[in-house]
Amino acid sequence: MTAQFSAGALAPVSKGKRTLMLGAAGLAACAAGALGGHWWLTRGVVAGEEAKLLAASFEGLDGKTMPMTTWQGKTLVINFWATWCGPCREEMPDFVKAQTEFSAKGLQFVGIAVDRRAPVEKFAKELAINYPILFADVSWLDELKTMGNPQSVLPFSLVVSPKNEVMLRRVGKLKYSEIAAMFA
Amino acid sequence: MGATMALAAPTQPPAPLPVDEAFSAVASMESGKFVVKFDVLPGHYLYRDRFELQVNGQPVTAITLPKGKTKNDPTFGRVEVYEQPMVLSAATRVTGAATVKVTFQGCSEVAGVCYPPTQRTFALMPGAKEVRPNEAAPLSLGAQFRKQVSQ
């Protein structure tokens, strides 16, 4: 997981020197990926930081403030997203499907948009999002650095157990199959 | 009720780089214009329509940007992006010191994530060349290596 780049991700090479350098970079990246998976998963994570998030309140689409404790006791998927983020929009239909499929088993998605209200309202309507959408100030992106998202990128999801234990930190897309596996 | 297993992470894309490594920028103040060069690392892209420029606190709308590559984005449709190093410029009548703020937004194709809109500030004097932004940390050895192989 630590491999920053594989050689295949780079542009076509045109010089021998570059080929050698890319080969070295690829090998180093593979080695780092093999050795550093666990390190990456826990890199920069400060134990207990999620407590701040789980104790926070955010404004919802309807303008009312919702405390995150509303969903305590559920298996909570907290998904930070924005409409300007393509991968965020791509994964959300899966979340709608999973919410329908597994809500009876205790799954609860909560989308936290770091975005302006108007585009979020429009997108939520288009997608018929069936779980709560809340709004967070952009300063929350900094808070995510200590929760497993050191570059404050989106999408970012946390899966939290009914006992408030973090089961998964995901920088990037969360797949339907991964969610389904939790309830298999 | 509830999930019964700890999640085993499947094969995941590489971790995202710091934004200043993915899109390292330097600015210059040449005769009558500001020039900002972005080095876009392979596997990353910047959106052409998301650049903003401020000079000494004033928004500048007349920005010169090269033509980008048309990307058929699954969610945004056809958008212009830069997947290669690119140069932004803007004419100016400022003759003294200038504070130039550039806002940009991009994504990492390889990591499957997007960076939030990012603003970088350059303190420029007339004739200044290749000035790094105030906010950027010094480049790590790894970043210098990646920058070298991307050129």
Side-chain angles (χ1 to χ4, degrees), chain A residues 1-6 9-11 13 18 21-22 24-25 28-29 33 37 40-41 43 73-75 82-90 102 104-107 114 138 141 149-156 159 161-163 165 167-173 175 177-179 181-184, chain B residues 1-23 40-45 47 49-50 71-77 79 81 83-85 105-119 140-143 145-151:
Chain A
M1 254 66 75
T2 54
Q4 307 276 323
F5 280 98
S6 64
L10 295 165
V13 295
R18 180 172 164 148
M21 293 175 88
L22 288 177
W40 171 253
L41 284 174
R43 177 189 179 206
K74 302 269 190 182
T75 298
T83 57
W84 43 258
C85 161
C88 303
R89 297 163 64 121
E90 287 166 32
F102 301 111
K105 292 186 174 182
L107 176 65
V114 188
V138 71
L141 288 174
N149 184 5
Q151 309 307 337
S152 297
V153 290
L154 297 178
F156 176 63
V159 181
S161 79
K163 292 180 179 174
E165 295 160 340
M167 300 163 68
L168 179 74
R169 303 167 199 275
R170 171 57 48 78
V171 177
K173 285 198 253 182
K175 295 175 187 159
S177 59
E178 295 175 80
I179 300 159
M182 286 191 280
F183 297 94
Chain B
M1 278 298 182
T4 55
M5 55 175 281
L7 294 175
T11 304
Q12 284 299 301
L17 294 169
V19 67
D20 289 302
E21 292 186 21
F23 312 111
V40 181
L41 278 190
H44 295 73
Y45 59 88
Y47 286 104
D49 65 355
R50 297 186 195 171
K71 177 181 168 65
N72 207 356
D73 191 287
T75 50
F76 300 119
V79 289
V81 300
E83 296 176 336
Q84 304 285 334
Q105 204 252 307
C107 300
S108 168
E109 195 95 68
V110 286
V113 297
C114 289
Y115 295 87
T118 303
Q119 188 177 74
S140 65
L141 287 176
F145 180 77
R146 280 188 291 272
K147 187 174 166 63
Q148 197 174 352
V149 298
S150 76
Q151 290 171 341

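Residue numbers start from 1 in every chain, and the chains themselves are labelled A, B, ... in the order their sequence lines are given, proteins ahead of strands. For the numbers below, each heavy atom of this structure counts, side chains included, while hydrogens, waters and symmetry mates do not.
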*Indicate the atoms forming the closest heavy-atom contact of Cys85(A) with Phe76(B), along with that distance.*
N-CZ, 4.1 Å

*What is the minimum heavy-atom distance between Gln105(B) and Trp84(A), and which atoms define it?*
NE2-CE3, 3.6 Å

_Among residues at least two apart in sequence or on other chains, which ones pass side-chain contact (heavy atoms from CB on, under 4.5 Å) with Ser152(A)?_
Leu141(A), Asp142(A), Lys145(A)

_Portion of Thr83(A) that has a non-hydrogen atom of chain B nearer than 4.5 angstrom_ = backbone

*Which atom pair, heavy atoms only, marks the closest approach of Gly112(B) to Pro87(A)?*
O-CB, 3.4 Å

*asked:* For Glu83(B), which atoms come within 4.5 Å of any heavy atom of chain A: side chain, backbone, both, or neither?
replied: neither

_Smallest separation among heavy atoms of Val153(A) and Pro16(B), with atom names_ = CG2-CG, 3.8 Å

*Does Val114(A) reach the side chain of Pro116(B), with side-chain heavy atoms less than 4.5 Å apart?*
no

*Just give me the residue among Gly86(A), Ala82(A), Cys88(A) that pairs up with chain B most often, heavy atom to heavy atom, under 4.5 Å.*
Gly86(A)

